[in-house]
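Have a look at the structure below before the remarks.
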Amino acid sequence: MSDEFKNLPFRPADILLPQNCDLSLWSVVACDQYTSQPEYWQRVEDRVGQKAPSTLRLILPESCLDGPSIETDIMEITNTMSRYLRDDVFAEYPASLIYVERTLSSGALRRGLVGMVDLEQYDYEPGASAMIRATEGTVISRIPPRVAVRKNAPVELPHVMLLTDDRDRTVIEPLSDQTDAMTKLYDFDLMENGGHICGWLLTQEQMAQVGRALQVLADPAAFHAKYNLTEDQPVMLFAAGDGNHSLATAKECYERRKKLTHPDQWPDLPSRFALVELVNLHEDSMQFEPIHRLLTGLDPEALLRDLTAAFPGAHAGPGAGHTLSYSYGRTEGCVTIPDPQTLLPVATLQQFLDDWLEEHSEAAIDYIHGADVARELASRPNSIAFLLPPMEKEQLFPTVIHDGVLPRKTFSMGEAQDKRYYLEGRRIRR
């Protein structure tokens, strides 16, 4: 590792990319999308077919986590990864960074940088002081199923998008004018309205340039001045934007591997690192979208009565406080919670729903991207959707630094089709 990345949690990686295959069939959207729309994954299945190499064969969509054949599915994923490695489906680019330009479905451009992070410098616990921190509360029960997929896998495929608060755009944005000196690795349309993606291999000097820019952001004095902190506050360089639970899963697998390995060998464990895409929070295309709540298996009116009764002074209709909009059947309205005890409306709602669901095991919750999709799903019997307002992205780093993690599923970085698609990989087992 070059001196420019010394002590940084982000660095070049040995990156795997598919070769000699149709990339539009290879690349599929993150596994945690479209969980309430099995027809989406069926369309992808039909499009990919049985013979084309595809990341669809290397992931388990979250909609399948409770399926009857999950153990067989996981075994098939692991076997397919091994077969792809054996059959030279991948080409490896050692100690590399890849500059990515993603044209989103809206036409906006999102720039990123693919490399790996050191999981020793990441902590998802509330109140963490690591250089990489979670942005949302981690649901521990969601980790074991993901560990089951990753623990024996020889390859990782990331959908983690890591955020940096680079207000002066010093790390990633300068690369957009330097692509002539890079080697283009891919350039193709993504399926299912996912837009277009291009990727370039950075030169050694460009990687050093990135490292130097990150060292400036990681300088403690600059960090304390930026956020008006005391000198004893540890530096937070990155926040997990998308893929919080996937990164937490990688951390858990690494911690398990450490228990079986002599400490002298920990620095060389492939599982110590996780492949991610680094994105600047201040990228113009980086818009925070709300994640709506869909409740099923219940009487919507009964839930609304309980919600109103749970907060003193709560009432139907708009007013001062947190206004929670809802939709069910052909009905739309809102409930206002006066004098809320939390900063964000999503926190007020989520705290109530967590308690309510513990007492109503017949009901279920899902997290939906897009108000129109949430309304359509809530039009079905025994369902209701709560439609939440967006969070200002400038609030993210100060809130996590000062208050800790946000309520889970507080925000989404764009619509579902604009989430990260699986493309690059990395070996995580020798």
Side-chain angles (χ1 to χ4, degrees), residues 126-127 134-137 139 165 227-229 239 241 281-282 286-296 298-360 363-379 382-415:
T135 55
E136 67 175 22
V139 183
D165 189 4
Y227 300 109
N228 193 28
L229 302 171
L281 178 68
H282 299 281
M286 183 61 65
Q287 299 300 319
F288 280 12
E289 304 288 344
I291 302 179
H292 309 294
R293 272 56 175 163
L294 175 70
L295 285 299
T296 56
L298 48 73
D299 176 355
E301 294 182 359
L303 172 63
L304 291 173
R305 287 195 297 270
D306 290 345
L307 173 61
T308 305
F311 297 94
H315 58 85
H322 285 168
T323 299
L324 306 175
S325 299
Y326 60 80
S327 175
Y328 67 93
R330 296 184 178 180
T331 300
E332 295 207 359
C334 62
V335 172
T336 295
I337 312 298
D339 302 317
Q341 302 302 304
T342 61
L343 179 64
L344 301 173
V346 63
T348 297
L349 175 63
Q350 192 65 51
Q351 289 176 9
F352 164 76
L353 292 178
D354 287 344
D355 293 339
W356 192 88
L357 287 167
E358 283 189 8
E359 299 178 2
H360 296 80
I365 187 171
D366 198 2
Y367 301 90
I368 305 299
H369 302 276
D372 290 343
V373 175
R375 287 189 180 94
E376 191 279 324
L377 294 171
S379 68
N382 305 314
S383 302
I384 184 172
F386 287 94
L387 308 173
L388 291 161
M391 171 188 174
E392 295 297 326
K393 65 181 182 180
E394 288 77 13
Q395 296 177 287
L396 180 63
F397 270 66
T399 300
V400 173
I401 291 168
H402 287 280
D403 300 336
V405 296
L406 303 167
R408 66 183 181 278
K409 301 291 185 180
T410 295
F411 67 91
S412 169
M413 298 191 304
E415 301 289 349

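It should be emphasised that the depicted structure is a prediction, and the values quoted were computed from it without experimental measurement. One-based numbering along the sequence shown. When reading the values below, keep in mind they use all heavy atoms of this one structure, side chains included, and skip hydrogens, waters and symmetry mates.
T135 meets the side chain to side chain donor-acceptor pair (under 3.5 Å) test with N244; sequence neighbours excluded.
Residue I337 comes nearest to A314 through the heavy atom pair CD1-CB, 3.8 Å, listed as atom of the first residue, atom of the second, then distance. The heavy-atom pair separating P318 from C334 by the smallest distance is N-SG, 3.4 Å. Summarising the geometry of I368 relative to A374, their closest heavy-atom pair is CG2-N, 3.8 Å, with the distance given to 0.1 Å. Among all heavy-atom pairs drawn from P389 and P345, the shortest one is CG-CG, 4.2 Å.
Classified by interplanar angle (parallel below 30°, tilted 30° to 60°, perpendicular above 60°), the ring pair F352/W356 is tilted. Classification of the Y227-F397 ring pair by plane angle, with boundaries at 30° and 60°, yields parallel.
Using a 4.5 Å heavy-atom cutoff, the side chains of H292 and R375 are not in contact. Looking at H315 and T308, their side chains never come closer than 4.5 Å, going by heavy atoms from C-beta outward. Counting only heavy atoms from C-beta outward, the side chains of E301 and I384 never approach each other to under 4.5 Å.
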Check against side chain to side chain contact (heavy atoms under 4.5 Å, CB included), V373 and E376: CA-CA 5 Å; V373 175; E376 191 279 324; 5.6 Å; no

Stepwise side chain to side chain contact (heavy atoms under 4.5 Å, CB included) check, L295 with L357: CA-CA 10 Å; L295 285 299; L357 287 167; 4.0 Å; yes

Derivation of the side chain to side chain contact (heavy atoms under 4.5 Å, CB included) call for E415 and E289: CA-CA 7 Å; E415 301 289 349; E289 304 288 344; 4.0 Å; yes

Worked check of side chain to side chain contact (heavy atoms under 4.5 Å, CB included) between L396 and L406: CA-CA 9 Å; L396 180 63; L406 303 167; 3.8 Å; yes

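For the 3.5 Å distance criterion, the side chains of T336 and T323 qualify, holding a donor opposite an acceptor. Side-chain contact of D355 with Q351: a donor-acceptor pair under 3.5 Å is absent, judged by distance alone.
How far CG of L304 is from CG of D299: 9.0 Å, rounded to the nearest 0.5 Å.
Looking at T410, I291, L344, L349 one by one, the single match for side-chain contact (heavy atoms from CB on, under 4.5 Å) with L388 turns out to be L349.
Of the possible donor and acceptor atoms, one in the side chain of Q341 sits under 3.5 Å from a partner among the backbone N and O of D339.
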